[in-house]
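Predicted, not measured: the structure shown is a model, and the values here were computed from it.
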Amino acid sequence: MTQITTMENQTMVTEFYFSDFPQFEKGSLLFFIPLFLTYVFIIVGNFTIFFAVQLDARLHNPMYNFISIFSFLEIWYTTVTIPKMLSNLVSKEKTISFIGCLLQMYFFHSLGVTEALVLTVMAIDRYVAICHPLRYATIMTPRLCIQLSAGSSIFGFLMLLPEIVWISTLPFCGPNQIHQLFCDFEPVLRLACTDTSMILIEDIIHAISILTSVCIITLSYLRIIVVILRIPSGKSRQKAFSTCAAHITIFFLFFGSVTLMYLRFSVTFPPLLDKAIALMFAVLAPLFNPIIYSLRNKDMKDAIKKVL
C-alpha cells in the first residue's frame, strides 16, 4: 500500500512504487529464476577471485590486488540493486521507502564511481608495467597502491554525497511510480514537485569525471598497444596482449553501459530498451567480470583451482 502523508496542505510521498515489474501470477517467476541464478554466480564468482588473490602469494602484486578490489566492489555493487529486484518480482507490494530509495541511489552510484576509478588505476598500472618495466617496482610501490585504492573509495563515496543530500530536501507530492528497475536519478527526479534544473550542474560534473576516466584509460591502452607491437618476440608480445585483453574487455563492458545509461544527453530510448540498458549496466557487466578474468589468465585459473 502506498504511503502518503499530508504536510501543510501538501501531499508528500513517503514510498515509491516500481510499476514496471510483472505480478507473480503473470509470470514474474520466469524472470526471478534467471536473475537469482545470475546474482548467485556474480557473488560466488567475484568472491572466488577475491579470495584466490588473497590466498595465493604469487598474485600478491599491484595488478591482481586491483583486480581483487574490483571484484569485491562488484559484489556490493550488485547487492545494492538485485536483491530488491528479486523481491519486487515475487512481492505484491513493489515499493521502496523514500530513505531506502536515496540509500540505493547513493551506494549504487558511489560504488560505480569507485569501480570506474579502480579501472582507471588498473590502466595506469598496466601502462607503467609495459611501457616502463624497469621503473615499475619503484613507481607502483605497495604504499602507492594502498593510497590509490583508498583514494578511489573516498572520492567515489564523497562525490555523490552533495547530490543525494540535495535530493533528500526536494518535495515529492505524487505521483510516486518509478518507471525503472531500481532507484536512479532521472526517474526519481521526474517525480519531484519542484524545479530540478540544478541537477544539470551535477550531471556535467559526472560527465566530466566519466570522460576523464575514459580518456586516461584509452590513452594508456593505446600507448600500451603501440609498445607491445614493437616487441620483437612473438611469445612475449602474445603474453602482453593476453594480460591486457581482459582489462580492455572489462573497460568496454563497464564504460559502454555507463555511456548508454548516463551520457545520452537529449537522446531518449523506448521504455523497453531503457530497461534493457539498465539491466546490462547493473547485472550483465558484473556477470562477465569473473568469467573474463578467470578464462584469460593462467595464474588466476591456477589460483582459483586451489580455492575450489
Which heavy atom of N46 sits nearest a heavy atom of P286, and at what distance?
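What the structure gives for the nearest pair is ND2-O, 3.8 Å.
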Walk me through it: do Y127 and H132 pass the test ring-ring contact (aromatic ring centres under 6.0 Å, His included)?
CA-CA 7 Å; Y127 168 78; H132 303 282; 5.5 Å; yes
Classify the ring geometry between F47 and F51 as parallel (under 30°), tilted (30 to 60°) or perpendicular (over 60°).
parallel
Where does the angle between the aromatic ring planes of F36 and F32 fall among parallel (under 30°), tilted (30 to 60°) and perpendicular (over 60°)?
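F36 vs F32 ring planes: parallel.
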Going by heavy atoms in the side chains, are [X] and [Y] under 4.5 Å from each other?
X    : Y    : result
N61  : N65  : no
P290 : I42  : no
Q180 : E186 : no
T79  : F107 : no
C183 : I178 : yes

Can a donor-acceptor pair be found between the side chains of Y77 and T114 at a distance below 3.5 Å?
no
Contacts of L35 meeting side-chain contact (heavy atoms from CB on, under 4.5 Å) (sequence neighbours excluded), chain-then-number -> I82, M85, L86, L89, V283
Contact list for residues 158-169, test side-chain hydrogen bond (donor to acceptor under 3.5 Å, both in side chains), sequence neighbours left out:
E163-H206
